[in-house]
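Quick notes on the structure that follows.
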Amino acid sequence: MTGSAPVHGTWEPHPALRWEDGFLSGNGHHGALVFGDPDIERVIVTHHTLVRPNGRDDRPPQLAAGLPALQDRLLAGDTTAAEGFTDGRPLQWVQPFHPAFQVRLRRSQGDCHDYRRDVDFTTGVVRASCAGWESRVFVSRADDVIVQQVTGPALTLVIDLDHRLPGAPAGLGVGHGAVLTPEGALLSLRARYPDSDRACTGVTLVVVTGGTTTLVPPGLHAAGARSVLLLTRVHRHTGELDVVQEGRALSDLPHGFDELLGRHVALHRTAYQRVTLDLAADPAERALPGTELLRRPRSAALLERLFAAGRYHLLSAGGLFPPRLTGLWTGDWNTAWSGAFTNDANLNLQTASAAAAALPEVTEAHARLVHRQLPDWRDNARAVFGARGVVAPAHTDGESGHAYHYSREYPLHLWTAGADWLLKPLVDHDETHGTRDPRTAAALAEVALFYEDFLTRTDENGQLVVVPSYSPENRPANASWGTLNAAMDLSAARHALRTAAAYHPGPDADRWNALADRLPPHRVNEDGALAEWAWPGLEDSYDHRHLSHLYGVWPLDEITPYDTPGLAAAAHRALELRGAENDSAHGHLHHALVAARLRDADRVAHTLGQVLDGDFFHASLMSAHYPKRDVYNADAAHTLPAVLIETLVQSTPDRLVLLPALPAAYPSGALRGVRTRFGAGIDLTWSPEGATAVIRPDRTHRVDLRTSSGSESLHLVAGEDHVLTLRTW
């Protein structure tokens with residue numbers, strides 16, 4: 001191990017020229033994207049609620065009456081029967097996520113040498129400085145406000161709120177306001193969406209210390225100032241927003257940057273510092289700017305920094321909602337795939353580390369999204385399937401949970417595994433903390449009720465058939481997309497029924513367990529691979545970005561090398577045959593998560609390498625969806641910490657696996673503070689000479705320990721540290 005510590009931040013020697021390279025801060029509600037330009041400093045303001053009305057019809061399709069006929073046709077061998085199972089609407093995207101505006105500060109030209117911009121992950125402060133000028137920005141968890149302070153000798157600034165960002169619709173109705181109050185200048189910007197009664201309004205209180213302040217509508221001019229403090233909030237609303245009242249609310253906050261920061265850091269730093277990763281990187285590389293590290297894709301210092309940045313960005317994006325496809329940030333009104341919460345892969349991949357990486361804040365944000373949309377999920381179950389219970393949509397904008405985004409090629413309204421997939425992180429949280437959230441219990445019961453009503457068809461052997469069935473977002477090589485017995489659907493139904501039974505012991509549990517027992521097993525195809533569809537005769541399509549059929553391996557514990565070695569071998573063969581299709585970042589890292597569960601360190605290293613070599617990361621250390629930084633997207637940034645944790649520590653409520661799939665390129669290191677699903681924290685250190693794990697259990701429990709040396713039973717006692725020494729390589 002080296003003597004220096006990993007860097008908990010990143011820096012650059014020049015301002016951001018593209019919004020994608022702007023450093024990020026957020027509190028899970030508001031986001032700030034900071035350029036750090038001393039001449040024209042720009043801070044793009046975002047908020048999770050900012051979605052633009054697009055005229056979509058968000059009613060779920062009323063198809064239940066036709067379901068029995070569809071099932072008959074599919075069971076009879078009609079491989080295209082589901083293509084007509086719609087209400088004729090064209091594909092509709094959810095309402096697109098968009099930025100609010102940019103707070104713009106134009107400074108009179110001055111000397112600017114020794115420039116540096118950086119972001120401190122432990123505080124969430126984005127700073128830029130040169131020649132006595134300094135800008136600091138953070139988004140307060142304590143006060144839900146974007147805080148910016150600019151200091152310097154005799155500052156002369158023109159400050160305004162500017163809505164002119166890429167993709168802003170031409171019909172946007174924009175109004176500005178600027179008034180002087182006893183506390184400072186109050187700037188506002190209201191943008192009414194085209195053909196809508198909805199609008200968003202931003203309000204910035206500007207407090208100038210020293211010099212003179214003059215209104216220059218739509219902004220203000222400050223001359224000779226020592227410092228300028230800006231407090232910004234944005235609201236999406238119908239009708240009118242009382243700007244004066246919002247200004248009073250901002251005026252009631254402390255007007256000292258350090259006091260505001262102290263209130264925020266008490267919440268943010270505690271969460272961020274719970275888990276750390278040290279890969280014994282070269283101290284000289286740790287000191288490099290982020291863009292220079294990105295040119296060294298095999299650097300341990302790069303992986304350390306990406307792990308830290310991933311946890312920081314995930315924490316910063318999770319609050320009102322969990323992260324969107326773009327996290328909490330965008331500088332463009334035309335966000336790819338509407339900047340949605342994409343539920344059939346991306347959302348759960350991004351939040352995959354939340355339980356183990358000790359970020360319950362992110363899981364609670366995930367829970368808020370789920371529980372506020374349960375009424376809509378009930379509508380989906382009734383409308384499409386004529387069933388009680390709930391069915392989750394594949395896409396949502398955060399407002400509607402209805403399943404209305406579908407087409408012939410993407411029959412996402414047929415996806416029944418979504419509720420189990422989305423509730424799995426909440427179950428993991430309960431296991432980690434030794435609790436059973438009554439909200440999760442109630443939602444699981446509704447999933448089980450759906451399966452009671454839906455799973456009524458049987459095959460010639462008397463086993464239940466999931467029909468229709470859909471494996472996101474793939475199709476059999478010899479059939480259409482809507483079909484029978486997708487592996488993910490089978491795994492999800494079994495898991496949902498048995499988990500609901502565990503939460504609700506009694507007659508309901510007996511009934512749900514019995515239903516789960518009637519589901520068919522997975523099928524192994526002629527290539528020796530776990531088949532994506534268990535229905536005989538359906539052929540696999542291997543070159544695809546999704547790995548939905550391996551849901552039983554990750555995140556479930558249905559298929560493991562320890563309990564089901566035959567199925568694990570078939571799953572591994574399926575992984576070997578899987579192509580990368582279009583090189584989506586989420587596909588590579590989903591592959592790595594499954595490989596780690598199957599103890600394949602070489603395959604983990606390869607898929608990590610595809611991302612690290614592929615130029616997926618911007619200077620902000622936020623990621624892209626495709627190689628060469630194409631399409632701003634949080635999948636890689638947020639998922640990477642989960643991959644690294646899974647290579648080092650895996651757990652179930654009754655098992656601990658240590659060092660299952662660590663790539664050989666990282667022979668020394670330390671992972672501290674990671675949490676397990678049997679209620680213990682672990683500090684793990686390793687080197688070529690051996691490894692040490694310190695287990696700190698919160699509850700007394702016996703677990704099965706698995707290492708490269710074999711297995712043993714551990715009796716853990718609450719409050720008593722348990723120290724293990726292990727062989728590594």
Side-chain angles (χ1 to χ4, degrees), residues 63-64 66-79 81-82 85 377 380-382 384-392 411 413-421 423-424 444-472 476 479-504 507-525 530-538 548-552 556-559 564 567 570:
L63 302 173
L67 181 65
L70 171 65
Q71 292 173 320
D72 289 343
R73 291 175 62 191
L74 286 168
L75 287 165
D78 184 345
T79 60
F85 192 64
W377 293 15
N380 298 335
R382 287 193 299 269
V384 181
F385 300 98
R388 297 171 298 165
V390 293
V391 172
H413 58 306
L414 304 183
W415 184 51
T416 56
D420 183 67
W421 167 251
L423 288 171
K424 178 63 166 64
L444 286 165
E446 293 207 63
V447 182
L449 288 176
F450 167 75
Y451 283 120
E452 281 195 276
D453 288 357
F454 175 57
L455 295 176
T456 60
R457 295 303 187 98
T458 58
D459 62 18
E460 60 185 12
N461 299 314
Q463 293 176 319
L464 295 170
V465 182
V466 180
V467 55
S469 187
Y470 176 62
S471 187
S480 190
W481 293 267
T483 184
L484 307 94
N485 282 359
M488 183 180 196
D489 284 344
L490 294 176
S491 292
R494 264 192 292 267
H495 179 260
L497 288 163
R498 288 176 176 156
T499 306
Y503 273 72
H504 298 275
D508 287 339
D510 295 340
R511 194 170 66 253
W512 295 335
N513 279 322
L515 194 62
D517 290 341
R518 295 177 59 204
L519 286 161
H522 290 292
R523 181 171 68 92
V524 177
N525 67 20
L530 188 138
E532 190 156 357
W533 296 271
W535 192 256
L538 294 179
S548 305
H549 58 315
L550 300 180
Y551 181 48
L556 301 187
D557 313 302
E558 179 188 27
I559 300 171
T564 58
L567 277 179

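Note that the structure is a prediction, hence the values are computed from the model and not measured.
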Return yes if some donor-acceptor pair links the side-chain N/O of H504 with the main-chain N/O of T499 below 3.5 Å, else return no. no
Student check: side-chain heavy atoms of T483 and L538 closer than 4.5 Å: yes
Which residues satisfy the side-chain hydrogen bond (donor to acceptor under 3.5 Å, both in side chains) test with T564, sequence neighbours excluded? none
Can you tell me how far the NE2 atom of H413 sits from the CG atom of L63, to the nearest 0.5 Å? 5.5 Å
In chain order, what residues pass the salt bridge (Lys or Arg N to Asp or Glu O under 4.0 Å) check against R494, with sequence neighbours excluded? E558
Tell me, please, which residues at least two apart from D72 pass salt bridge (Lys or Arg N to Asp or Glu O under 4.0 Å). R457
So CH2 of W535 and OG1 of T79: to nearest 0.5 Å the spacing works out to 13.5 Å
Non-hydrogen atoms of Y451 and T416 that approach each other most closely: OH-O, 3.2 Å
Walk me through it: do L530 and I559 pass the test side-chain contact (heavy atoms from CB on, under 4.5 Å)? CA-CA 11 Å; L530 188 138; I559 300 171; 3.6 Å; yes
Give the table of side-chain donor-acceptor pairs shorter than 3.5 Å for residues 512-521, with sequence neighbours excluded, one pair per line with atom names and distance.
from, atom 1, to, atom 2, distance (Å)
W512, NE1, E452, OE1, 3.1
N513, ND2, A509, O, 3.3
D517, OD1, R498, NH2, 2.8

Can you give me every donor-acceptor pair (side chain of residues 462-470, partner residue at least two apart or in another chain, under 3.5 Å) with its distance?
from, atom 1, to, atom 2, distance (Å)
S469, OG, A486, N, 2.8
S469, OG, D489, OD2, 2.5

Rounded to the nearest 0.5 Å, how far apart are CG of L497 and CG of L455? 7.0 Å
Measure the spacing between CH2 of W533 and CE of M488 and express it to the nearest 0.5 Å. 13.0 Å
V391 vs W377, test: side-chain contact (heavy atoms from CB on, under 4.5 Å). Steps then yes/no. CA-CA 5 Å; V391 172; W377 293 15; 5.9 Å; no
Closest non-hydrogen contact found for G418 with A392 is C-CB, 3.7 Å
L414 CG to S471 OG distance, which is reported to the nearest 0.5 Å: 12.5 Å
Do you see a donor-acceptor pair shorter than 3.5 Å between the side chains of S491 and H522? yes
Please report the shortest heavy-atom distance between G482 and P411, naming the atom on each side. N-CG, 4.2 Å
Minimal non-hydrogen separation, A82 against L74, with atom names: N-CD2, 4.5 Å
What orientation do F454 and F450 show, parallel under 30°, tilted 30 to 60°, or perpendicular over 60°? parallel
Partner set under side-chain hydrogen bond (donor to acceptor under 3.5 Å, both in side chains) for R388, not counting sequence neighbours: D453
Roughly how far, to the nearest 0.5 Å, is CG of L444 from CG of L423? 5.0 Å
